[in-house]
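The structure appears right after this line, and notes come after that.
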Amino acid sequence: MAPPKRTRLLRSSKASSAQAARAPSFATRSQTSSASSSSNQRASTSASSNQHASTSAASNQNGQQVLGVIPTVFDAGDCNILPTQPTIAEYDLIQQTKEVIVILDATGASTPSSSARIPIRQVIEAKIPRGCLVANRGQAFGGWTRDTTAEYPGIPTKYFTSGDVENYEGDLCTVQCVFEVPQFPKLLIAKYLGWDASAAYEENKDAVFKKFPYVKKWITMKTHFLDAIKTLEPNNLVGVKRERYLDDGLLMEKENIFWIYQEMSYLHSFINRCNGLPFVWYMNVKNTAAPPKFCYSVVNVIEKKLLDEYQKQEAGLKKVKKIKQPTGERMACEKPETCVCDSIFEYYDRKNRDEEELPDADDTEAITRKNMRPDSSGRLNFEGFNTDDQRMVVECSDACGCSLDCPRRQLQRGQKVGVVVYYEDECRQFGLRALEPIKQGQFIIEYTGQILEVEPEGSGVIEDRDVSYDAVFAIMDRRKVVNAINIGNAARFMSHACDPSAVFIETHSRQLVSDPLIPRIAVYALKDINVGEEITIKYFCQDLMSAKDEGIKCRCRPDCPNWLPIYPFESDDDDE
């Protein structure tokens with residue numbers, strides 16, 4: 001019998017070492033026999049998301065447009081929204097108007113979307129947010145051009161500099177990052193959005209707090225995070241000090257890669273804020289390695305022809321009310337008498353087991369599938385959790401009659417805790433850490449990227465594409481993956497751990513029944529995660545890892561005895 005399927009990440013280890021491993025090109029479903037090498041053995045995303053040779057999107061053998069380097073678009077905005085926490089009214093407006101998915105139609109033949117929440121685009125672009133007015137003005141009129149930003153999607157290449165102060169001083173209006181001055185506790189060094197480091201200067205701390213209240217929260221959160229890092233990694237104190245106070249000379253080294261980290265932290269956090277989401281920061285306290293290069297997106301991208309396939313499921317989903325309701329306890333929904341979430345789970349469970357044409361359908365009967373229902377606080381119960389189980393969360397929609405505040409709408413409401421994309425070491429490169437405390441069972445973040453179709457195993461078709469950042473489905477659609485190699489959010493950086501702190505949960509989620517239905521992947525906490533601690537995922541079940549020298553040594557912890565499997569990469573090019 002084939003090993004059980006489950007939702008997890010498949011990632012190859014395109015490391016700089018001689019034993020760089022690649023996932024098999026057909027390994028695009030959650031099947032343990034087709035797993036790729038773990039990200040805790042990769043040396044960054046070199047040759048993948050960090051080193052692209054082309055600026056155009058490629059197509060795989062299914063004719064899908066696989067997003068490559070995403071071009072940056074500079075757009076003179078018409079407002080300057082400060083990155084404060086949204087008010088209740090602003091948050092409600094965001095939930096009603098924010099994009100829920102982006103439809104990609106390169107032909108341009110589609111009728112324009114009737115909803116701003118569901119845009120149809122011919123090309124995916126990395127835009128400096130319109131609200132970041134000064135960043136866009138700096139790009140247009142700034143006197144200094146950075147040499148090292150050309151390949152960073154959504155990051156400016158031009159900035160105002162100290163020589164522009166006389167003409168553009170009025171544009172110095174949004175603090176981008178701040179640093180404390182240890183000798184003078186009443187002062188701060190403030191760098192402004194759209195200006196290079198030479199224009200940063202010392203200011204009175206109280207005056208900055210009064211004009212930019214969000215700065216005080218920044219300092220508090222950064223201090224707590226760096227204090228935690230000092231405890232967890234006492235050998236990195238020099239880098240920690242730089243993050244808090246700056247190194248001597250950094251203000252004069254405006255080409256220093258350190259400032260790219262600050263750009264990404266502000267602009268990606270700004271995108272989050274516009275979607276009602278918290279901070280995402282980028283940090284390297286260990287060396288001068290460059291930050292990752294990818295297009296930041298808080299929503300999934302899908303080609304229209306793939307989205308059209310999901311419309312076929314609507315007929316079946318409309319019948320879920322006819323399915324006998326489960327007799328067990330109903331949990332959490334504000335309107336349990338009209339909630340259809342458990343019926344939807346039963347529909348998927350029965351549908352996929354009955355459709356013989358699906359890959360390995362004969363193996364699904366013995367698989368345990370779990371309907372993960374949140375409690376009244378929105379948390380999942382992981383008592384008796386088994387990584388081999390297939391698991392799914394079905395979230396409420398308007399069909400249930402509940403409000404957006406219903407506990408069964410965690411992914412819809414979005415991420416609530418800030419995270420840090422943190423440089424771990426030369427082997428693992430970047431990982432993900434908690435900027436705020438996370439409770440066991442709590443929703444952390446969605447794994448976003450491009451929805452791609454994959455061929456079923458045994459079809460004879462080899463996918464000539466990199467599957468390093470594929471996250472796969474087990475219940476809703478085993479022929480689709482979420483690929484985050486070139487476009488995605490901070491979730492793409494989670495490293496492997498044999499004792500993980502988080503888990504992928506396949507999720508059926510849409511706010512309105514009229515919204516497009518695609519499978520989504522949510523990340524939930526398996527345990528409490530304190531500030532500064534890693535958010536990790538287990539990529540392999542235990543029977544694929546051995547204590548023998550038969551793969552790549554797992555380095556999720558210093559004393560880990562496991563070896564992770566390696567699978568060769570195959571493509572049509574190999575036959576030439």
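We number each residue from 1, following the sequence as shown.
- Between C402 and C339 the shortest side-chain heavy-atom distance does not fall below 4.5 Å.
- Judged by distance alone, the side chain of R379 and the main-chain N or O of Q442 form no donor-acceptor pair under 3.5 Å.
- A heavy-atom distance below 4.5 Å is not found between the side chains of V421 and M264.
- Contact between H268 and F294 at its shortest, heavy atoms only, is CE1-CZ, 4.2 Å.
- Here the closest non-hydrogen pair linking C406 and A332 is SG-O, 4.4 Å.
- The two atoms that bring I535 and A502 nearest to each other are CG2-CB, 3.9 Å, heavy atoms only.
- Taking a cutoff of 4.0 Å between a charged side-chain nitrogen and a carboxylate oxygen, K527 and E533 do not qualify as a salt bridge.
- Y524 and F385 have their aromatic ring centers separated by at least 6.0 angstrom.
- Side-chain atoms of D375 and N381 form no donor-acceptor pair, as typed in the model, at a separation below 3.5 Å.
- Put simply, the side chain of Q450 never gets that close to the backbone of I487: no donor and acceptor are under 3.5 Å apart.
- Remark: the E395 side chain and the T507 side chain contain no N/O donor-acceptor pair separated by less than 3.5 Å.
- Checking side-chain atoms of N483 against main-chain N and O of I485 turns up a donor-acceptor pair under 3.5 Å.
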* Would you check, one step at a time, whether the test side chain to side chain contact (heavy atoms under 4.5 Å, CB included) holds for Y469 with Y447? => CA-CA 10 Å; Y469 286 78; Y447 188 92; 3.7 Å; yes
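- Proximity of I118 to P516: side-chain heavy atoms (C-beta onward) are separated by under 4.5 Å at one or more points.
- What you find for Y422 and I229 is that their closest heavy atoms are OH-CG2, 3.4 Å.
- Side chain to side chain, E263 and Q176 meet the donor-acceptor criterion of an N or O pair below 3.5 Å.
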* Before giving the answer on side chain to side chain contact (heavy atoms under 4.5 Å, CB included), spell out for K293 and V69 the whole-Å C-alpha distance, their side-chain angles and the decisive distance to 0.1 Å. => CA-CA 9 Å; K293 298 174 183 177; V69 171; over 6 Å; no
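- Interatomic distance, CD1 of I537 versus CG of L526, reported as 7.5 Å (0.5 Å rounding).
- Closest approach of E446 and I521 over heavy atoms only: CG-O, 3.3 Å.
- Considering NZ of K305 and CD1 of I302, their distance stands at 11.0 Å, rounded to 0.5 Å.
- Taking the six-membered ring for Trp and thresholds of 30 and 60 degrees, F279 and W281 have ring planes inclined between 30 and 60 degrees apart.
- When all heavy atoms of L307 and L517 are compared, the closest pair comes out as CD1-O, 4.5 Å.
- Between the side chain of Q415 and the backbone N or O of V298, no donor-acceptor pair lies under 3.5 Å.
- With rounding to the nearest 0.5 angstrom, the NZ atom of K538 is 6.5 Å from the SG atom of C498.
- Looking at R408, its side chain never comes within 3.5 Å of a backbone N or O of P374 through a donor-acceptor pair.
- Side-chain atoms of V393 and Q410, non-hydrogen and from C-beta on, never get closer than 4.5 Å to each other.
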* Between K98 and Q511, is a side chain to side chain contact (heavy atoms under 4.5 Å, CB included) present by the stated rule, with each step listed? -> CA-CA 11 Å; K98 70 179 182 180; Q511 184 176 333; 5.5 Å; no
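- Taking CD1 of I451 as the reference point, atom CG of L104 lies at 12.0 Å (rounded to 0.5 Å).
- No side-chain heavy atom of C556 sits under 4.5 Å from any side-chain heavy atom of T536.
- E303 contributes a side-chain N or O that, together with a main-chain N or O of Q65, makes up a donor-acceptor pair within less than 3.5 Å.
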* **V175 and W218: CA distance, side-chain angles, deciding distance, side chain to side chain contact (heavy atoms under 4.5 Å, CB included) verdict** => CA-CA 11 Å; V175 171; W218 283 1; 4.3 Å; yes
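- Here the side chain of T448 pairs a donor or acceptor atom with the backbone of S297 at under 3.5 angstrom.
- Proximity of Y296 to V280: side-chain heavy atoms (C-beta onward) are separated by under 4.5 Å at one or more points.
- Few gaps surround NZ on K370; more than 12 heavy atoms of other groups in view lie less than 6.0 Å from it.
- In terms of modelled atom types and a separation under 3.5 Å, the side chain of N272 and the main chain of P278 share a donor-acceptor contact.
- Looking only at side-chain heavy atoms (C-beta outward), D470 and V482 stay at 4.5 Å or farther from each other.
- Side-chain N or O atoms of D398 include one that pairs as donor or acceptor with a backbone N or O of V513 at under 3.5 Å.
- In this structure the side chain of Y266 reaches within 4.5 angstrom of the side chain of C132, judged on heavy atoms.
- Atoms CD1 and OG, from I438 and S501 in turn, are 7.5 Å apart once rounded to the nearest 0.5 Å.
- Annotation: the span from R121 atom CZ to I103 atom CD1 amounts to 10.5 Å, rounded to 0.5 Å.
- A side chain to side chain contact (heavy atoms under 4.5 Å, CB included) with E453 holds for exactly one of L306, V481, D477; it is L306.
- Panel note: side chain R409, backbone S403; a donor-acceptor pair is recorded below 3.5 Å.
- Taking the six-membered ring where the residue is Trp, Y539 and H496 present tilted rings, their angle falling between 30° and 60°.
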